[in-house]
Amino acid sequence: MSLDIPVLRNELSQHYDLTPNPELAESMSDIYQSMSRVVSPVDWVLYAPYVKAINELKAKRNAVILGHNYMTPEIYHGISDFVGDSLQLAIKATEVEADVIVQCGVHFMAETSKILSPSKTVLIPDMEAGCSLAESITAEGVEEMRRRYPGAPVVTYVNTTAEVKAASDICCTSSNAAQIVGAMESDTVIMTPDQYLAQNVARDVPHKKVVWWEGSCIVHEQYSAQDLRDFREWNPGTRLIAHPECPPDVVAEADFSGSTSGILKYVTEEKPEKALLITECSMASNIADELPEVEFVGPCNMCPFMKKITLEKVLWSLHSMEGQVEVEPVMAAKARHAVQAMIDLSRKLGI
Ligand code: 13P
Ligand code: SF4
């Protein structure tokens, strides 16, 4: 079935009442309250029938929705059962008891859920929700790094395919990368595939020689240190908060750097008057309502892969059960070893 939005809307409206309905929207105002700063009342009238249909179908299918922090607010607040960063969602996938996981995020996240929960049905509402980092390396790339740095362990970012995880020793996310690298026994540590995350980790773990693959995130690589200096000059008093997928000179200009959950924690605790989140656009939108005292100022960059996930596609995946993620069992077992090693070490380190 085509995932063209008008085609999907037409097909779905044969099965669900998706007519914009102000009374329905009003009756769901408790959900709307969590996004009213960033979603207009008119848009909510359009979204509410989808949110209702998805939440009802979710219960019928014994499904849970895991939503990444970069999902749009109507997905993040309206239909997600659990939200978080990559590490939190990976851990949640091991804990939920549902039959079906719908991953509202990108493909590598759904694959990680499937690797950790092979007996569950894992759905990704759009198979083309990829990631520039995951596309930047194959298992052959990992082997090439091993040949270049014999004996060095491979720490692989979760933003990779199952094949790459399977070829690695341990995974990491942006919330535990420095601690995982710091805990490796070897003096030299290979990090794949994000060169900027690796360079940021290298600064934080100076006793290790960190070597890296040259991948990057198309969202975070767009920021420059000069952008941050200009912004600070034009908007004095704004707190600059950068994701560690940004280049190291950008992170050096920022007041704080952390994973998406690290960013949330920092802003919640610090409550700066004005904040610029140097990351994907939805991050600020999703936390705007719970932090009314903080003014979130732009600019931000959109991830075209994350934005492939829409309410229409989520409803369609739950309705049709299309978009099931499969990982070949032998490869899944090897990849699970690397992901589980990360989860276990994170727990041991208290992250
Ligand atoms: P975290 O949510 O783990 O910080 O990752 C950000 C990201 O780019 C996911 O694609
Ligand atoms: Fe990949 Fe960057 Fe998009 Fe995250 S934000 S999914 S790292 S391209």
Side-chain angles (χ1 to χ4, degrees), residues 66-72 75-76 80 82-93 103-113 116 124-137 155-161 164-165 171-180 191-201 204 212-223 241-247 250-251 254 256-267 277-287 299-309 339 342-343 346 351:
L66 303 185
H68 186 261
N69 289 332
Y70 292 162
M71 288 293 100
T72 51
I75 290 177
Y76 183 92
S80 298
F82 302 99
V83 290
D85 69 5
S86 310
L87 179 63
Q88 291 168 325
L89 295 184
I91 292 172
K92 197 43 83 178
Q103 197 85 33
C104 285
V106 290
H107 190 271
F108 76 79
M109 296 178 177
E111 231 181 27
T112 305
S113 290
L116 292 169
I124 179 95
D126 187 332
M127 282 286 181
E128 288 181 8
C131 171
S132 64
L133 282 167
E135 283 163 19
S136 73
I137 188 166
V155 179
T156 283
Y157 200 27
V158 283
N159 297 38
T160 43
T161 60
V164 170
K165 290 183 176 79
C171 286
C172 73
T173 72
S174 53
S175 55
N176 60 19
Q179 291 91 333
I180 299 255
M191 283 191 78
T192 70
D194 188 343
Q195 59 182 307
Y196 297 135
L197 178 70
Q199 288 162 27
N200 287 318
V201 166
D204 292 343
W212 52 80
W213 186 257
E214 301 230 326
S216 54
C217 161
I218 53 166
V219 173
H220 295 96
E221 71 179 357
Q222 291 179 48
Y223 293 100
I241 302 156
H243 193 277
E245 288 171 11
C246 291
V250 171
V251 169
F256 174 79
S257 174
S259 72
T260 55
S261 64
I263 292 173
L264 170 60
K265 185 165 180 283
Y266 177 84
V267 184
L277 305 193
I278 301 146
T279 189
E280 214 277 340
C281 295
S282 290
M283 185 72 225
S285 308
N286 288 334
I287 60 178
C300 61
N301 290 327
M302 199 91 93
C303 173
F305 302 113
M306 289 280 180
K307 264 53 222 185
K308 284 198 176 285
I309 308 300
V339 179
M342 167 189 78
I343 293 175
S346 294
I351 303 162

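In each ligand, atom 1 is the first atom listed, and ligand 1 is the first ligand listed. Numbers here simply count residues along the sequence, with the first being 1. The structure presented is a predicted model; accordingly, all values stated were derived computationally and were not measured.
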Peer 1: Apply disulfide (SG to SG under 2.5 Å) to C303 and list each qualifying residue two or more places apart in sequence or on a separate chain.
Peer 2: none
Peer 1: For atom 5 (O) of ligand 1, what's the nearest protein heavy-atom neighbour? Residue, atom name and distance, please.
Peer 2: S86 OG, 3.4 Å
Peer 1: How does V219 reach ligand 1, if at all, at less than 4.0 Å between non-hydrogen atoms: by side chain, backbone, both, or neither?
Peer 2: neither
Peer 1: Mind listing the side-chain donor-acceptor pairs of residues 124-137 below 3.5 Å, one per line with the distance, residues two or more places apart or on another chain?
Peer 2:
| from | atom 1 | to | atom 2 | distance (Å) |
| --- | --- | --- | --- | --- |
| D126 | OD1 | E128 | N | 2.7 |
| D126 | OD2 | K313 | NZ | 2.8 |
| S132 | OG | S216 | O | 2.9 |
| S132 | OG | I218 | N | 3.0 |
| S136 | OG | L133 | O | 2.7 |

Peer 1: I need the nearest protein heavy-atom contact for atom 6 (C) of ligand 1: residue, atom name and distance, please.
Peer 2: H243 NE2, 3.4 Å
Peer 1: Can you say whether the rings of H220 and Y70 are parallel (under 30°), tilted (30 to 60°) or perpendicular (over 60°)?
Peer 2: tilted
Peer 1: Under 4.0 Å from a heavy atom of M109: which atoms of ligand 1 are those, numbered in the order shown and with their elements?
Peer 2: 9 (C), 10 (O)
Peer 1: Taking distance alone, with N or O pairs closer than 3.5 Å, would you say T173 contacts ligand 1?
Peer 2: no
Peer 1: Mark up the atoms of ligand 1 that fall under 4.0 Å of a heavy atom belonging to M306, in ascending order.
Peer 2: 10 (O)
Peer 1: Taking 4.0 angstrom as the limit and counting only heavy atoms of S259, give me the atoms of ligand 1 inside it, by number and element.
Peer 2: 4 (O)
Peer 1: If you measure from each non-hydrogen atom of E280 to ligand 1, which part falls under 4.0 Å: side chain, backbone, both or neither?
Peer 2: neither
Peer 1: Ring pair (Phe, Tyr, Trp, His ring centres under 6.0 Å) with F305: which residues, sequence neighbours excluded?
Peer 2: none
Peer 1: Considering only heavy atoms of D85, which atoms of ligand 1 have at least one such atom less than 4.0 Å away?
Peer 2: 1 (P), 2 (O), 3 (O)
Peer 1: Anything with a heavy atom under 4.0 Å from ligand 2 counts, so go ahead and list those protein residues by chain and number.
Peer 2: Y70, V106, C131, S132, L133, N159, C217, I218, V219, E245, C303, F305, M306
Peer 1: If we only count N/O pairs under 3.5 Å, is N69 in contact with ligand 1?
Peer 2: no
Peer 1: As an exercise, identify every atom of ligand 1 less than 4.0 angstrom from a heavy atom of E245.
Peer 2: 6 (C), 7 (C), 8 (O)
